[in-house]
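These notes are about the structure you will find just below.
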There are 2 protein chains.
Amino acid sequence: MYEKKIPKDFSCGISVLMEIIGGKWKSYLLFLISTGVRRPSELHRKVPTATSRVLNLQLKELEFHGIICKEIYPEVPPHVEYSLTAFGKSLMPVINAMDAWGSGYVGEFQQLMRQKSELYVVETGE
Amino acid sequence: MYEKKIPKDFSCGISVLMEIIGGKWKSYLLFLISTGVRRPSELHRKVPTATSRVLNLQLKELEFHGIICKEIYPEVPPHVEYSLTAFGKSLMPVINAMDAWGSGYVGEFQQLMRQKSELYVVETGE
DNA sequence: CCGAATCCAGTGCGATACTG
DNA sequence: CAGTATCGCACTGGATTCGG
């Protein structure tokens, strides 16, 4: 999972950033963690459409890249908490800028998708 | 190509942004166009590792989302130029922030990948 | 020089089921 | 509550080929 078989192209810094937050849920997880949601079950509650397996994978990658920190309390029942590292915090302004831009556009975006789909869609799925 | 069979999750604005610049070369193309590289053949020269087909696909998606504008001059030989739309320009600050952060980290990132790969890599890629 | 069609491999991620 | 293993599908994007 951690190995990269195909050489990635880092011609621009964005590729690096993508490598880190490019997963489907990573940015959202990052946001949640930054707002104080720390425990796996809590995160899962907030993102019920993703399975715990996937969340674990994404969290593990974030941890791997040094963005978040995982603390395990060897208790019964098990207790795990995630938190942003200093490095992860340095990323938050960028994340927030991205989120702000996207949020401002989401309405138009959905509309655009509907409009164009009338012109372009060939298979509506199935 | 334009249809989305699987419902995307736009719980945060970043997903929207990803939808727009999430392609492998899109951000780089955007950067190049913003710096004045306009013609397909020029872009292809700058990104020789991608085939023209792929570049065309990515450019088409950028155009689809209203980020760039394509002008066709019906000449012989054919002449095509891309340019940023006003909307595309509104995206540039975000792009630049992303690029800046990633660029600042690219060195450490490569190192990290090497270090960890000693621990995790199973196939160094044929 | 510009673009589209077909074919195909790698990967991400979702479902389900199981362990401590 | 937390984490992992196996399986399978859909999507991106590469190669190649063909048309204006």
Side-chain angles (χ1 to χ4, degrees), chain A residues 1-9 15 18-29 37-64 68 70-82 120-126, chain B residues 1-9 11 15 18-29 37-45 47-64 70-82 120 122-126:
Chain A
M1 155 203 168
Y2 290 114
E3 73 279 9
K4 299 294 168 187
K5 290 157 194 166
I6 295 179
K8 304 267 177 171
D9 195 61
S15 310
M18 287 301 197
E19 197 70 13
I20 294 175
I21 62 162
K24 182 162 181 182
W25 307 103
K26 283 186 199 167
S27 53
Y28 195 38
L29 288 172
V37 184
R38 300 171 157 276
R39 303 193 54 177
S41 52
E42 284 298 313
L43 290 168
H44 194 204
R45 284 214 157 273
K46 295 280 187 178
V47 197
T49 43
T51 62
S52 64
R53 173 188 174 275
V54 173
L55 292 183
N56 276 329
L57 285 176
Q58 308 257 315
L59 287 165
K60 194 178 295 187
E61 288 183 18
L62 287 172
E63 187 196 2
F64 173 78
I68 61 175
K70 179 187 198 170
E71 279 182 281
I72 303 174
Y73 300 83
E75 305 169 356
V76 179
H79 185 130
V80 174
E81 285 194 5
Y82 291 99
Y120 290 101
V121 154
V122 265
E123 304 179 38
T124 334
E126 187 303 349
Chain B
M1 154 202 171
Y2 291 115
E3 73 279 9
K4 298 295 167 189
K5 290 158 193 165
I6 293 179
K8 303 269 176 172
D9 197 61
S11 14
S15 309
M18 288 299 198
E19 197 70 14
I20 294 175
I21 63 161
K24 183 164 181 180
W25 307 102
K26 284 185 198 167
S27 53
Y28 194 40
L29 287 173
V37 183
R38 300 172 157 276
R39 302 195 54 181
S41 51
E42 283 298 311
L43 290 168
H44 193 203
R45 283 214 158 275
V47 196
T49 43
T51 62
S52 62
R53 173 190 174 274
V54 173
L55 292 184
N56 276 330
L57 285 176
Q58 308 258 312
L59 287 166
K60 192 179 296 186
E61 288 183 18
L62 288 173
E63 186 196 1
F64 174 78
K70 178 187 199 171
E71 279 182 280
I72 303 173
Y73 300 83
E75 304 168 358
V76 179
H79 185 128
V80 174
E81 284 194 5
Y82 292 99
Y120 290 102
V122 266
E123 304 179 39
T124 333
E126 200 273 351

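Convention: sequence-line order gives letters A, B, ...; per-chain numbering from 1. Just so we're clear, the structure is a prediction, and the values are computed from it rather than from any experiment.
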Output yes when at least one side-chain N/O atom of [X] is less than 4.0 Å from OP1 or OP2 of [N], else no.
{"X": "B:Ser41", "N": "C:dC2", "value": "yes"}
{"X": "A:Lys60", "N": "D:dT4", "value": "yes"}
{"X": "B:Lys24", "N": "D:dG14", "value": "yes"}

Atom-to-atom span, [atom1] of [X] to [atom2] of [N] - whole angstrom:
{"X": "B:Leu55", "N": "C:dC2", "atom1": "CG", "atom2": "P", "value": "12 Å"}
{"X": "A:His79", "N": "D:dC1", "atom1": "NE2", "atom2": "P", "value": "12 Å"}
{"X": "B:His44", "N": "D:dG13", "atom1": "NE2", "atom2": "C1'", "value": "13 Å"}
{"X": "B:Met18", "N": "D:dT12", "atom1": "CE", "atom2": "C1'", "value": "15 Å"}
{"X": "B:Glu71", "N": "C:dC2", "atom1": "CD", "atom2": "C1'", "value": "16 Å"}
{"X": "B:Leu57", "N": "C:dA4", "atom1": "CG", "atom2": "C1'", "value": "9 Å"}
{"X": "A:Glu42", "N": "D:dC1", "atom1": "CD", "atom2": "P", "value": "10 Å"}
{"X": "A:Asn56", "N": "C:dT19", "atom1": "CG", "atom2": "C1'", "value": "14 Å"}

What distance separates [X] [atom1] from [Y] [atom2], expressed to the nearest 0.5 Å?
{"X": "A:Lys26", "Y": "B:Met18", "atom1": "NZ", "atom2": "CE", "answer": "9.0 Å"}
{"X": "B:Tyr82", "Y": "B:Leu62", "atom1": "OH", "atom2": "CG", "answer": "9.5 Å"}
{"X": "A:Ile20", "Y": "A:Phe64", "atom1": "CD1", "atom2": "CZ", "answer": "10.0 Å"}

Query raised in the report: Ignoring hydrogens and angles, are the base of C:dG3 and the side chain of B:Arg53 linked by a donor-acceptor pair under 3.5 Å?
Result: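 Absent.
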Query raised in the report: Base, sugar-phosphate, or nothing for B:Pro40, non-hydrogen atoms under 4.0 angstrom?
Result: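 The residue B:Pro40 makes sugar-phosphate contact but no base contact.
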Could you please name the option among [options] that lies closest to any side-chain atom of [X]?
{"X": "A:Tyr82", "options": "C:dC1, D:dA15, D:dG3", "value": "D:dG3"}
{"X": "B:Gln58", "options": "D:dG13, D:dG14, C:dC13", "value": "D:dG13"}
{"X": "B:Val80", "options": "D:dT4, C:dG14, C:dG3", "value": "C:dG3"}

Requested in this report: Find which nucleotide of DNA chain D each of B:Lys26 and A:Pro78 is nearest to by heavy atoms, and output the residue with the more 5' nucleotide.
Outcome: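 Its nearest nucleotide lies further toward 5', so the answer is A:Pro78.
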Query raised in the report: Distance-only, no hydrogens or angles: does the A:Arg38 side chain make a donor-acceptor pair with backbone N or O of A:Glu81 under 3.5 Å?
Result: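 Looks like no, no N/O pair under 3.5 Å.
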Requested in this report: Map A:Ser52 and A:Gly22 onto DNA chain C by nearest heavy atom, then report which one ends up closer to the 5' terminus.
Outcome: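 First, find each residue's nearest nucleotide; the 5'-ward one identifies A:Gly22.
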Query raised in the report: Can you find a side-chain donor-acceptor pair between B:His44 and B:Glu42 that sits under 3.5 Å?
Result: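 B:His44 vs B:Glu42: no donor-acceptor pair found between side chains.
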